[in-house]
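Chain naming here is simple, since letters A, B, ... match the order of the sequence lines and numbering starts at 1 in each. Given the structure is predicted, the values throughout are model-derived calculations rather than measurements. The figures here come from the full heavy-atom set of this structure, side chains too, leaving out hydrogens, waters and symmetry mates.
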Amino acid sequence: MLGHSSRIVLRLLAAIGGGYAVAAGLAALTAVILFVTGGLPRSEAVILASMLAFVIYLVLLLWAFAERSLLRLCSMLVVTGVVSWGAAIGLMRLVGGS
Amino acid sequence: MEPTFRASMNWLHTWTGVVLGGLLFAVFWMGTLSVFDREIDRWMAPTTRLALPDETLPAETFRPSIEAAAAAGATIWTIVFPEERQPVYRETYRSKDGNVLRFLDPLTGAALPDPGTLAGTRFIFPFHYSLNVRAWDIGYWLVGVAGMAMLVLCVSGVVIHRKIFTEFFTFRAEKKPRRLILDLHNVTGVLGLPFHFIISLSGLIIFFSIYFPSVWQMPYDGKRELFNRETWGTYTRPKVDQAAPLASLDDMVAEARRVWAGEEPFYMRVTNPGDAAAVVQIGRTYRDVVTMRVEILYFDAPSGTLLSRFETLPLVTAQRFIAGLHFIQFQHWTLRWIYFVLGLVGCVLIATGYLFWLESRRRKHAQLGMRGVPFVEGLTVGSVTGIIVATLGFFVANRLLPLDAAFLGAGRASLEMWIFYLVWLATFAHAWLRPRRAWAEQSWMIAVLAIAAVVLNWITTGDHLGRSLTLAHLGPIGGMDLVLLAGALVATLTALKLEHRKPDPVRERQHA
């Protein structure tokens, strides 16, 4: 079991750093999907996803401090982070970069 | 993390506020001043207090400047045309001997003497978004942290105060100071909530490519030029190292006016001047629209033919609209004042948040012998009154330093800046050394410096209020003087109130 202060430090790291990484991954994935599927021109997809990134990060930050289980918080962040970054990079590879 | 959602948000609100409140106050304070950055420029650079002529100069007037820049090895030469809020031409280029910035007379095009100040647009405004720390974009990131923190504070604040709209009408001025502070925090929080939320979010969105680089890097495979071309229509071509003369600039400006149905250019830029592959770019003004549109015409410099014309796509235009809401570059004086007042409301919101934290813990910390309250109180004084004292010190120094002032290799503009930082540092020291008297003493300093700034402006430039409030082109000077005097009045009343406060035994013991 972790002590009180190390739990707070871990939560801060998960919220600020983890939340940022997940927000960046989800936004990048959004941009890539919109672009690859032909939904939007590339620049439009980037701008829309970039603006959404701040909202995603805000929601993640709030959730990170509201979620009672630190374990669930960290595992959710790791899973979403790996999936979003992996999918975004994979999709770009699939269409052969730019 | 706490048993209930509300308790978690309370914890988050408290600690985000205490840890980042000082940074947030600095960003809000400088942002509020930036609403009037060009007016501050006029005040701090008296040689630019000129009337805007009805006629603009022909673009050919600047041909010698462009040729001089080309001879100095400049790769980019830019001129911003005068407008109501900045009635001078602003010429910039990077040469082998460093960056050149000149203000030109709007009537003749002749260079005005160097005002020796960074003033509003080059010190206060960049402080607002970068803290003037450019290395590795650290300043931008810190301001980004403050912006995200403000969003978190807005949402968590609403959750904590569920009865937010009934509390809006509660203002218990006669009650204990702690209650009064909380009421003031709630009133300013509710009143400014939409503005504070939008201003923070839009501020972040402006710098999306810094804060979320992966979002553009991934679809563009890290190719910045390609991203810029597709998004903003940025046109570039390499130089060919072959000299060629420049075609008629007047014709290019006339063509731009024709394309834009008579609307004026905002700036003109020459890339690789003197080269056969030089490009002249002319940007359209956005002073009549909220959207900071990117409408740029690119001309082939030697022939004057149009190379590229770009108009942004809908979502990019939406981003420029959001940026425009934040930058308020359009001309609307009523809105400009509303932005200024709401900015000040934000400053009061942050300051009262700090004060409430201090007042709620003062007794408990004193009983437990904890050092938290005195430390945070010093931090609060330096962050709140301290940055105001430093800003006023910056204005006063501007009126006191002679034009040729130099010290230890630093020019006049740097000296003004160092005075700002040294005074700010001193206010923190003062707050920790004289905790009992710091609030009152710094309030007195604000009052004295604000009045001194007004008097010094009168003595050194002759533009007293009777003059500046009657001559149209000195309006910004009169406005700034009036705001300074109003600030002095508020500071005096605050100082008097603090002086007559009954001594609090807990407070006395804590600082003993």
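For chain B, no part of A/Leu70 is nearby; none of its heavy atoms comes within less than 4.5 Å. Using a 4.5 Å cut-off between heavy atoms, B/Met218 contacts chain A through both its backbone and its side chain. For chain A, the nearby part of B/Leu12 is the side chain; its heavy atoms alone come within less than 4.5 Å. Both the backbone and the side chain of A/Glu44 come within contact range of chain B, with heavy atoms under 4.5 Å apart. Using a 4.5 Å cut-off between heavy atoms, B/Glu2 contacts chain A through its backbone alone, with no side-chain atom that close. Interface residue B/Val152: backbone and side-chain heavy atoms are both found under 4.5 Å from chain A. In this structure, the portions of A/Ala23 lying under 4.5 Å from any heavy atom of chain B include both its backbone and its side chain. Contacts of A/Arg11 with chain B are made by side-chain atoms alone, with heavy-atom separations under 4.5 Å and no backbone atom involved.
Closest of all the heavy-atom pairs between B/Pro219 and A/Val32 is CG-CG2, 4.1 Å. For the residue pair B/Pro213 and A/Tyr20, the shortest heavy atom distance occurs at CD-OH, 3.8 Å.
Distance check: A/Ser43 OG to B/Trp232 CH2 gives 9.0 Å after rounding to the nearest 0.5 Å. Between the CZ atom in B/Phe208 and the CG atom in A/Leu52 there is a gap of 12.5 Å [rounded to 0.5 Å]. Atom-to-atom distance recorded for A/Leu58:CG and B/Phe197:CZ is 5.5 Å, nearest 0.5 angstrom. The CZ atom of B/Phe212 lies 5.5 Å from the CZ atom of A/Phe54; values are rounded to the nearest 0.5 Å. With rounding to the nearest 0.5 Å, the separation of CZ in A/Phe65 from OG1 in B/Thr16 is 6.5 Å. In this structure, B/Leu226 CG and A/Arg42 CZ are separated by 5.0 Å, a value rounded to the nearest 0.5 Å.
Put simply, of A/Ala31, A/Ala24, A/Ala15, the one with the most heavy-atom pairs under 4.5 Å next to chain B is A/Ala24. Among A/Leu62, A/Leu40, A/Ile16, A/Ile89, the residue with the largest count of heavy-atom pairs under 4.5 Å with chain B is A/Leu62. The candidate from B/Ser209, B/Ala318, B/Pro3, B/Ala7 with the greatest count of non-hydrogen atom pairs under 4.5 Å with chain A is B/Pro3. With chain A as partner, the option from B/Thr312, B/Ile322, B/Leu315 having the largest number of non-hydrogen pairs under 4.5 angstrom is B/Leu315.
By the 4.5 Å heavy-atom criterion applied to side chains, A/Ile8 and B/Trp11 are counted as neighbours.
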